[in-house]
Amino acid sequence: YIGTNNIEAGRALGRAAVQLLPGGGKAVAFVGIRSAQNAQERVNGFKEGAGSQIQVVDVMEDSGDVNKARRNVAAALQNHPDLKMLVGIWSYNAPAIVDEVKAAGKRSSLKLVTFDAEPNTLLALKEGLLDATAVQNPYMMGYLGVKVLKALLNKDEATVKAVVGEPGIKDTGIRLVTPDDSKITSDVLIHFSDFKKDLDAKGLTSS
């Protein structure tokens with residue numbers, strides 16, 4: 001396995017969430033399919049990282065329907081007037097959250113944290129409409145994946161072990177991307193401008 005440790009990614013986002021809401025509060029999370037392994041790991045990791053200060057009162061499922069994702073956000077805002085935070089678990093949940101919160105005029109009263117970095121998610125970070133997003137490293141997944149495949153074809157066990165070790169697992173890590181003026185601290189934090197420079201250097205528009 002070469003890829004993201006979604007539990008650790010969730011924990012990192014949860015720890016950032018606590019910094020955004022030091023007084024605690026209620027949150028609703030949004031996801032495509034709740035039973036998917038990466039969804040469960042991200043949600044559970046987030047809860048671990050956030051601890052008891054932030055209560056995830058609901059995890060709303062949209063079955064991969066972007067329009068339903070937006071309706072879920074609107075419903076959450078209506079059904080939970082005391083919400084303090086919205087959490088986007090899958091990539092398209094971030095733009096859905098940002099758009100609905102902006103339309104409802106509630107950005108000032110809510111903290112918004114998500115996963116992944118679609119182009120509209122990056123735009124939201126640049127404009128300060130999103131507080132943080134935990135981003136995978138698909139570039140490194142591809143690079144190391146091809147490197148291991150080549151080594152396997154060449155029966156180069158030394159290279160395979162150097163990449164994935166004895167367990168056969170390589171965590172390609174995550175970065176926590178925040179607006180440039182964010183006060184969040186994290187070992188994996190990168191501000192938007194630096195993240196954008198990294199993407200530009202690789203010819204990428206999203207991650």
Kindly list each side-chain donor-acceptor pair under 3.5 angstrom involving residues 135-142, sequence neighbours excluded, with atom names and distances?
unit_1	atom_1	unit_2	atom_2	d
Q136	OE1	T4	OG1	2.6
Q136	NE2	D116	OD1	3.1
N137	OD1	M140	N	3.2

Going by atom type alone, with no hydrogens or angles, which donor-acceptor pairs under 3.5 Å involve a side-chain atom of residues 15-28 and a protein atom two or more places apart or on another chain?
unit_1	atom_1	unit_2	atom_2	d
Q19	OE1	T185	N	2.9
Q19	OE1	T185	OG1	3.3
Q19	NE2	T185	O	2.8
K26	NZ	D82	OD2	2.9

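A single hydrophobic cluster is seen to contain both V101 and M60, as judged by linkage of ILVMFWY side chains at heavy-atom distances under 4.5 Å, directly or through other members. At a threshold of 4.5 Å between side-chain heavy atoms, the hydrophobic network of Ile, Leu, Val, Met, Phe, Trp and Tyr places I33 and V43 in one connected group. Note on V113: it clusters hydrophobically with V188, by side-chain heavy-atom contacts below 4.5 Å among ILVMFWY residues. In the hydrophobic cluster analysis, where Ile, Leu, Val, Met, Phe, Trp and Tyr join through side-chain heavy atoms closer than 4.5 angstrom, V98 is grouped together with V73.
Side chains of D62 and Y92 form a contact here, defined as non-hydrogen atoms less than 4.5 Å apart. Looking at V87 and V56, their side chains never come closer than 4.5 Å, going by heavy atoms from C-beta outward. Looking only at side-chain heavy atoms (C-beta outward), L77 and L110 come within less than 4.5 Å of each other. The side-chain heavy atoms of V160 and V164, taken from C-beta on, include a pair separated by under 4.5 Å. Within the 4.5 Å cutoff, no side-chain heavy atoms of K106 are placed close to those of L83.
With values rounded to the nearest 0.5 angstrom, F30 atom CZ is found 9.5 Å from E100 atom CD. Of the inter-residue distances, the one linking E127 atom CD with F192 atom CZ reads 9.0 Å to the nearest 0.5 angstrom. We find the CD1-NE2 distance between I184 and H191 to be 8.5 Å, quoted to the nearest 0.5 Å.
Between the side chain of Q55 and the backbone N or O of Q53 there is at least one donor-acceptor pair closer than 3.5 Å. No side-chain donor-acceptor contact under 3.5 Å links N93 to the backbone of T114. S206 places no side-chain N or O within 3.5 Å of a backbone atom of P119 that could act as its donor or acceptor partner. Side chain of R34 to main chain of E61: no donor-acceptor pair is present (N/O by atom type, distance under 3.5 Å, no hydrogens or angles).
Dense packing is recorded around CG of D200, with more than 12 heavy atoms of other residues, nucleotides or ligands lying under 6.0 Å away. At most 12 non-hydrogen atoms from other residues, nucleotides or ligands lie less than 6.0 angstrom from NZ of K155.
Scanning for side chain to side chain contact (heavy atoms under 4.5 Å, CB included) contacts around N67 gives D65, R71, with sequence neighbours left out.
Nearest heavy atoms, W90 versus A36: CZ2-CB, 3.7 Å.
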